[in-house]
Amino acid sequence: MKLINTLTLVGVFVSTSVLSQTKLFSELVGPGAVGSVKSGGSLQLPYIIWGGDMATFHANGGLKTKSGSIFQKQGLNFNMVPGDDFIQQVRDYRSGKSPFLRGTYRMMGQASEVIGSDPRTKGVVIMQMTWSAGDHMVAREGIRTVTDLRGKTVAVQQGGPHIGMLDDVLKTAQLSWNDIRVKFYDDLTGPESPVEAFRKDPTISACFAITPDMFGLCTDLTSIGTGAEGTVKGAKVLVSTAELSRSIADVYVCRKDYYDANRALVRKFVAGYLKAAEQLVEKRAAYDAGNRDTSYINLLNQTVQIYTEDVVPNVDEAHGLLLDCTFAGYPGNVSFFEKEGNLHGFDAFQTSSLELATSRGYAKQKMGLFPSGLNYKHEDFLNYLEKTSLEQGERFRAEAVLSEIEELSSGGLLDDRTIVSFTINFKPNQIEFSALQYAAEFNRIIETADKFGNAVVAIRGHADPTKTLVDLVKAGLTKGTLKRSGSRGNYSYSLNGRALSLNNTELLLEAIAQGAFDGVDDYNPRRTMQAALNLSRKRAEAVKSSVVAYAKGKGISVDLSQIQPQGVGISEPFISKPRSVAEAEQNMRVEFRVIRVSAEVTQESDFDF
């Protein structure tokens, strides 16, 4: 569980009421001279309250480098200090008290103009630590998907990591910040937070919450608040970094002057952290399996002491804090900094972070950060770390995913698991899709799939029911099981003496499956229905093939197991009984859904890269 904001801006903003204007980051930091980083002795290393920093504690042996620890064996000497006040972090960084900044990439983007204004303090992103899986957007009853946020009010902490997450959510739904009303609050958690405002103000449709607060609003990731025991009636998790897994990236940044003069030290620091992450991945899994490793228990107790019991009450909460982060590891860092076409890599985050900083008013101009520039083939990595394989298997078990999607569809639960959806329409019998015509849609699929790394993108092909309805009526009338009364354009029907509406698709499909219209050679709705299902499958598969080919042509890698084609046939028409070609063409579509899937259909992986 992510127990507190990674970058709380303590006491910076004017009030805890609504803040409609973002201050320039330079105004928040204030004036101050750039100083040199002291030489000799221990280096000040900031940490924040987040599971990824537990690996830093493990590597350091505590807040001060302990004899026999990973960092000490690397010849490093750190004095770890709290860094949740990011504004003070930037002041210390600029003055030379510390050569390091610790935060999320989007926060570094907000500070980029301040640190980039002097060549000495320009930022070098030296390491990606983790991805968050413990931040959530909670919405009220009636907000079914993120598209429903248009015109609604959203509460978020000003300047915190959820600003970037909200930006990603809006982009997923193709909404802008102008399409919603944002209420900003100083604190992430506690009485003056977006969560408490959500409780008190029914006009707030959604808020951002860390895991413990999310539990308080709606019990867990998949439950709906009942109003009992402090929950908010109808509240549910709309989006979580459990699925939007490539939104919040935690990083370390180093001053460029210090990095240039101490590249070997920085390399050993990164290698030491990655070593600690390797060990914690194994220790965390062993703890879940019931193994109470002494060194891991000691780390959990140490975390409680460092963060205090008010924040992390016990070892189980400390373990939960660690569970809420996904380590990038060595493979993830190589991918983040060096992999071409990586939509969640350094270049992509640089672009989005600087755009967010300038568009939201944290910076006047874009001043980029530098990538690490580390040689990942150096012996400090390859001869030291164990998990250096850059091969990554498929994330999902394809057959299990498709089976779950079909089960959700038949059980009427697919909407509850859908995060966002959109459709594209085609001409009759179309099964070829040109990238020239559908490039915008293909880009949206690829980018959405990449951001929602722990969700599945279902490509659901649909067909029009008109031909099946025609055959059904003719077969039923010929067979005598279907009776018709009234005049053309206003017919009413009965099947075996019971009223039957041609708009009731579910009942019609059930009657066809039960053989109510079998036995008429010239008209066979069962065969027509199957043909429509086959067409819808071909349509979905053709779209997937076109998307994959498009991505390959752009140099973008796609996890094929994440994109699942499904034929729906005529079972979910927009218009059950079309009265024109135009209406029928609305049913000829492919629908894209980002869907939460159960953990059982995913493949276990040490790192996400």
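Just so it is clear, the values below take in all heavy atoms, side chains as well, and ignore hydrogens, waters and symmetry mates. For reference, positions follow the sequence shown, starting with 1. What you see is a predicted model; the values in this text were computed from it and never measured.
Side-chain N or O atoms of Arg106 include one that pairs as donor or acceptor with a backbone N or O of Gly164 at under 3.5 Å. Remark: the backbone N or O of Thr172 is paired with a side-chain donor or acceptor of Arg444 at under 3.5 angstrom. Under a 3.5 Å cut-off, the side chain of Gln562 and the backbone N or O of Ala455 do form a donor-acceptor pair. Formation of a donor-acceptor pair under 3.5 Å by the Gln110 side chain with backbone atoms of Ala357 is not found in this model. Thr231 places no side-chain N or O within 3.5 Å of a backbone atom of Cys218 that could act as its donor or acceptor partner. Side-chain atoms of Asp53 never come within 3.5 Å of backbone atoms of Ile49 as a donor-acceptor pair (strictly under, hydrogens ignored). Under a 3.5 Å cut-off, the side chain of Tyr287 and the backbone N or O of Ile297 do not form any donor-acceptor pair. Side-chain atoms of Ser247 do not come within 3.5 Å of backbone N or O of Leu244 as any donor-acceptor pair. With hydrogens and angles disregarded, a donor-acceptor distance shorter than 3.5 Å links the side chain of Ser98 to the backbone of Gln44. Under a 3.5 Å cut-off, the side chain of Asn454 and the backbone N or O of Ser245 do not form any donor-acceptor pair.
Residue pairs meeting the salt bridge (charged side-chain N to carboxylate O under 4.0 Å, His left out) criterion with at least one partner in residues 230-249, sequence neighbours excluded, are Glu243-Arg596, Arg246-Asp450, Arg246-Asp608. Legend: ring pair (Phe, Tyr, Trp, His ring centres under 6.0 Å) pairs involving residues 154-174, not counting sequence neighbours, sorted by first then second residue: His162-Phe208.
Counting only heavy atoms from C-beta outward, the side chains of Arg144 and Asp416 approach each other to under 4.5 Å.
To the nearest 0.5 Å, atoms OH (Tyr252) and CG (Asp250) are separated by 10.0 Å. The CE atom of Met80 sits 6.5 Å away from the CG atom of Leu63 when rounded to the nearest 0.5 Å. Taking CG of Leu354 as the start and OG of Ser359 as the end, the distance is 10.5 Å to the nearest 0.5 Å. The distance from atom CG of Leu343 to atom CG of Asn443, rounded to the nearest 0.5 Å, is 9.0 Å. Residue Leu166 holds its CG atom at 11.0 Å from NZ of Lys171, rounded to the nearest 0.5 Å. To the nearest 0.5 Å, atoms CD (Gln128) and OG (Ser372) are separated by 11.5 Å.
Geometrically, Lys23 does not engage Phe184 in a cation-pi contact, judged by NZ or CZ lying under 6.0 Å from the ring centre and within 45° of the ring axis.
Across Glu404, Glu572, Arg460, a single residue satisfies side-chain hydrogen bond (donor to acceptor under 3.5 Å, both in side chains) together with Ser409, and that is Arg460. Residue His344 forms a ring pair (Phe, Tyr, Trp, His ring centres under 6.0 Å) with just one option from Phe349, Trp131, Phe336, and that option is Trp131.
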Go through the steps to decide whether Thr130 and Trp50 satisfy the test side chain to side chain donor-acceptor pair (under 3.5 Å), and finish with yes or no. CA-CA 10 Å; Thr130 62; Trp50 171 231; 2.9 Å; yes
Between Glu591 and Arg593, is the salt bridge (Lys or Arg N to Asp or Glu O under 4.0 Å) condition met? List the steps. CA-CA 7 Å; Glu591 171 195 22; Arg593 289 190 182 229; 2.6 Å; yes
Verdict with supporting geometry, Lys366 and Glu113, salt bridge (Lys or Arg N to Asp or Glu O under 4.0 Å): CA-CA 7 Å; Lys366 297 176 182 178; Glu113 188 176 45; over 6 Å; no
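Thr418 and Asp415 are not linked by any side-chain donor-acceptor pair at a separation below 3.5 angstrom, with hydrogens and angles left out of the test.
Using a cut-off of 4.0 Å between Lys/Arg side-chain N and Asp/Glu carboxylate O, Lys183 and Asp201 are scored as salt-bridged.
Annotation for Phe198 and Val232: closest pair CE2-CG1, 4.0 Å, computed over non-hydrogen atoms.
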